[in-house]
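Scope of the values below: all heavy atoms of this structure, side chains included, with no hydrogens, waters or symmetry mates.
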Amino acid sequence: MQDQDHNTPEENEVVVGYLVQRETADGDVSFWEPRNEWQEDPNEGKLYENEEEANADAKSLQEGDDATITVEIVFEADEDEEWDDEEEA
């Protein structure tokens, strides 16, 4: 899995953690949170600090599930992005 380009951070990107993501055949995406199970909001999913732990959970969750379960890298937000422009206006 380590040779996949889309999972390789760019030189200037900071990895803050990993999310376990589930995508159904219909394209519905949800994120794993152990206490509340699958959540639609990525901010409510468990942010793993350790990629190996995220991969282990993803592997166990994949058993018996028809959906595609993957581990996604979470990058630190770009400082140049302005998230609340509309609220300040």
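Scored by the side chain to side chain contact (heavy atoms under 4.5 Å, CB included) test, Asn50 finds Glu52, Glu53 as partners (sequence neighbours excluded). In terms of the salt bridge (Lys or Arg N to Asp or Glu O under 4.0 Å) criterion, residue partners of Asp65 (sequence neighbours excluded) are, by chain and number, Arg22.
Within the 4.5 Å cutoff, the side chain of Val74 has heavy atoms near those of the Leu47 side chain. Ile69 is not listed as a side-chain neighbour of Gln21, based on a closest heavy-atom distance of 4.5 Å or more. Within the 4.5 Å cutoff, the side chain of Trp38 has no heavy atoms near those of the Asp28 side chain.
Using modelled atom types and a 3.5 Å distance limit, the side chains of Tyr48 and Asp57 yield a donor-acceptor pair.
Annotation for Ala67 and Gln62: closest pair O-NE2, 2.8 Å, computed over non-hydrogen atoms. Between Tyr18 and Ala54, the closest heavy-atom pair is CB-CB, 4.0 Å. A pairwise comparison of heavy atoms in Glu44 and Glu33 identifies O-CG, 3.0 Å as the closest pair. The minimum heavy-atom distance linking Glu13 with Phe75 is given by the pair CB-CD2, 3.7 Å.
In terms of hydrophobic clustering, with Ile, Leu, Val, Met, Phe, Trp and Tyr side chains grouped at heavy-atom distances under 4.5 Å, Val16 and Val71 are assigned to different clusters.
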Q | Check against side-chain hydrogen bond (donor to acceptor under 3.5 Å, both in side chains), Glu72 and Thr70 | A | CA-CA 6 Å; Glu72 300 299 321; Thr70 58; 2.8 Å; yes
**Q.** Stepwise side chain to side chain contact (heavy atoms under 4.5 Å, CB included) check, Phe31 with Val20
**A.** CA-CA 6 Å; Phe31 303 89; Val20 175; over 6 Å; no
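Between the side chain of Asn55 and the backbone N or O of Glu51, at least one donor-acceptor pair lies under 3.5 Å. Distance alone, capped at 3.5 Å, places no donor-acceptor pair between the Glu37 side chain and the Pro34 backbone. Between the side chain of Asp41 and the main chain of Asn43, a donor-acceptor pair closer than 3.5 Å is present.
Between the OG atom in Ser30 and the CD atom in Glu40 there is a gap of 7.5 Å [rounded to 0.5 Å].
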